[in-house]
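The structure under discussion appears below in the form of structure tokens.
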Amino acid sequence: MDPAIRLRGLHKRFGDTIAVADLDLDIAEGEFFSMLGPSGSGKTTVLRIIAGFEQPTSGSVALFGRDVTALAPFARPVNTVFQDYALFPHLSVIANVEYGLRVAGVARKERRAKAEEALASVRLAGFEDRRPHELSGGQRQRVALARAIVLRPQALLLDEPLGALDLKLREQMQVELKELQRSLGITFVFVTHDQDEALTLSDRVAVFDAGRVVQLGTPREVYDHPRNPFIASFVGSSTLLEPDVAERFGLPAIATAVRPERVTLDAPDGGVAGTIAEVIYTGPEHRIVIDLDGVGARITALEPNIGAAQRRSRGDRVTVSIDPAAAAPLESDAPAA
Amino acid sequence: MTSHRVSTYLAPRRRLQLASLLTAPVLWLGLVYIVALAALLVTAFWTVDELTGQVQIEWTTENVVEVFTEALYRTVTLRTLGIALLVTLIDIAVAVPVAFFMAKVASTRLRHLLVIAVLAPLWASYLVKVYAWRALLSSDGLIEWAASPFGGSTPGYGLVGVVLTLSYLWLPYVIMPIYAGFDRVPDRLLEASADLGAQGWRTLVSVVLPMIRPAIIAGSIFAFSLSLGDYISTKIVGGATQMLGTLVYDNVGAANNLPLAAAISFIPIGIILVYLAAVRRTGALRSL
């Protein structure tokens with residue numbers, strides 16, 4: 001079966017800047033796919049090329065097996081939820097949601113029914129006659145969602161849709177987005193710079209850096225086995241161990257990334273000795289920074305807020321060990337971030 | 001030190017602050033503008049001594065009655081209104097695509113050049129521009145020269161000349177607010193409309209025009225009111241065409257009948273008030 005979205009040799013240049021470099025990507029039907037990366041990494045440009053707002057310098061975009069590279073946005077079977085929502089300020093909420101149906105020539109009664117259903121699905125029933133400026137950020141977000149899904153697109157493109165919301169609302173919307181995607185059963189392509197969001201929501205994540213996909217995989221693959229130092233530090237936090245330090249922990253002598261929660265302190269079978277340099281209390285856990293003896297390196301460990309961790313303090317002597325299965329050897333040829 | 005003491009004294013005294021801010025402009029508006037306008041309107045109810053030609057303070061409604069009953073004034077009013085509306089429509093028709101190109105298509109550099117190009121004529125004297133049009137429209141002028149190979153000819157001095165000249169004169173005043181209006185329409189909304197299936201024309205009708213409607217109305221106020229009061233262009237390129245402005249001018253000058261001129265000026269003032277009242281209901285005044 002053809003993938004929902006197939007990008008081949010996609011290249012985009014703005015003047016002297018290369019925004020996207022020779023990208024090949026297949027996104028499956030019904031997949032929640034995230035494009036994760038820092039700002040300027042090319043992820044939004046890729047989304048805009050899929051939507052048709054930007055023309056690639058070279059390469060092709062195919063949706064469900066049909067080449068749409070030369071098609072205008074209005075001729076593509078995808079819809080977009082914009083970062084700043086882009087609601088029409090002169091139209092009421094219901095008129096915003098009905099807009100696409102009206103353009104498509106759907107009869108008044110039918111489009112009203114569909115729009116109301118879409119509003120209900122984002123829990124905004126009763127807000128039909130409000131104007132966008134009378135809504136909160138989260139409510140505008142939902143209207144933008146309803147406006148896009150009411151057209152039953154084959155894929156929904158979301159450009160940092162939760163970026164402007166505060167933390168609580170963002171977490172709530174994450175759950176709702178996931179539920180919406182499941183109930184609609186369509187492909188979601190989600191652009192974000194928030195690694196938490198990408199890991200929480202996605203079936204697969206593409207990590208972008210400097211216009212390229214530097215790693216593609218499930219959230220677990222990307223988090224547990226980051227391929228290079230950039231990914232190891234951008235997705236979650238990691239301690240990067242030089243080859244000689246890795247060797248001290250009994251790991252292969254290559255550069256290795258270790259997640260702080262996979263570092264064990266004072267294990268029964270010993271480990272590398274060190275001195276606690278800092279104990280940072282974050283509520284649910286303690287972040288403990290240790291100066292390792294003799295190698296001039298630091299490592300960070302994460303311990304839950306129970307037991308031994310509550311009694312640790314600066315200057316304490318500890319031993320540090322790493323489960324070899326939990327360490328991620330990094331590719332030596334990985335491009336520098 | 002003194003200014004500090006003044007500030008300290010004024011800080012809690014809001015009324016005094018307002019008074020010192022507004023006294024001068026209120027005096028200016030009150031005396032020079034409103035009183036002068038009121039004096040003009042009162043003049044309409046005075047008479048002219050037929051022998052000496054002096055204005056006499058002798059109350060009469062004769063002038064006003066004459067203006068509102070004689071066919072001449074009705075004809076000229078309708079003509080003036082027609083010219084002002086036509087000029088307004090022509091300016092909007094030209095300004096909308098130009099302003100759209102400036103705000104949404106042109107590069108930043110080109111946009112700056114175009115803004116300068118649009119505003120540049122405002123630095124030239126009104127009279128120079130009108131005489132330039134007189135030269136253009138003359139029987140051996142540029143228009144005649146350009147149109148004759150195609151069997152056309154210059155419209156000459158008359159109604160068409162007046163409409164062309166006024167449309168040219170007020171175009172910058174119409175382009176600028178509409179340009180600002182387009183500039184306030186975020187590109188994202190155009191993209192959102194395209195994303196939802198609308199082609200260019202549909203986006204224009206359903207998103208852009210409703211959003212710039214106040215800007216268009218704001219521009220129309222300039223073209224309409226300036227046309228309504230014009231008399232110089234009419235004198236220079238209008239041939240025998242009479243507008244309300246030329247009637248006022250002739251009565252002040254040649255006919256030496258200031259009260260009648262004042263009475264005539266009731267008409268454009270009334271029309272503008274009606275126009276502004278209508279415009280106010282659209283909410284467009286807020287975007288001026």
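Sequence lines set the chain letters: A, B, ... in the order given, protein chains first and strands last, and positions in each chain run from 1. A quick note: this is a predicted structure, and the numbers were derived from the prediction, not measured.
- Contact detail for G197(B) and V103(A): the closest heavy-atom pair is O-CG1, 3.3 Å.
- Side-chain contact between F88(A) and S193(B): present, with at least one pair of heavy atoms (C-beta onward) separated by less than 4.5 Å.
- When the candidates P153(A), P89(A), A148(A) are compared by the number of heavy-atom contacts under 4.5 Å with chain B, P89(A) comes out ahead.
- A distance of 9.0 Å separates CG of L196(B) from CG of N96(A), quoted to the nearest 0.5 Å.
- At a 4.5 Å heavy-atom cutoff, the contact between R48(A) and chain B is made by side-chain atoms alone.
- The neighbour count for R152(A) CZ, taken as heavy atoms of other residues, nucleotides or ligands under 6.0 Å away, does not exceed 12.
- Using a distance-only test at 3.5 Å, with no hydrogens or angles considered, a donor-acceptor pair links the side chain of H90(A) to the main chain of S206(B).
- Checked by atom type and distance alone, the side chain of D195(B) never pairs as donor or acceptor with a backbone atom of N79(A) at under 3.5 Å.
- Put simply, the side chain of F74(A) does not reach to within 4.5 Å of the side chain of T203(B), judged on heavy atoms.
- To the nearest 0.5 Å, the span separating CG on L87(A) from CZ on R188(B) amounts to 13.0 Å.
- In this structure the side chain of P210(B) never reaches within 4.5 angstrom of the side chain of L91(A), judged on heavy atoms.
- With chain B as partner, the option from V81(A), L157(A), D84(A) having the largest number of non-hydrogen pairs under 4.5 angstrom is D84(A).
- With a 4.5 Å cut-off on non-hydrogen atoms, L101(A) does not touch chain B at all.
- For A192(B) against A86(A), the heavy-atom pair with the smallest separation is CB-O, 3.8 Å.
- E191(B) and F82(A) get closest at one heavy-atom pair: OE1-CE2, 3.7 Å.
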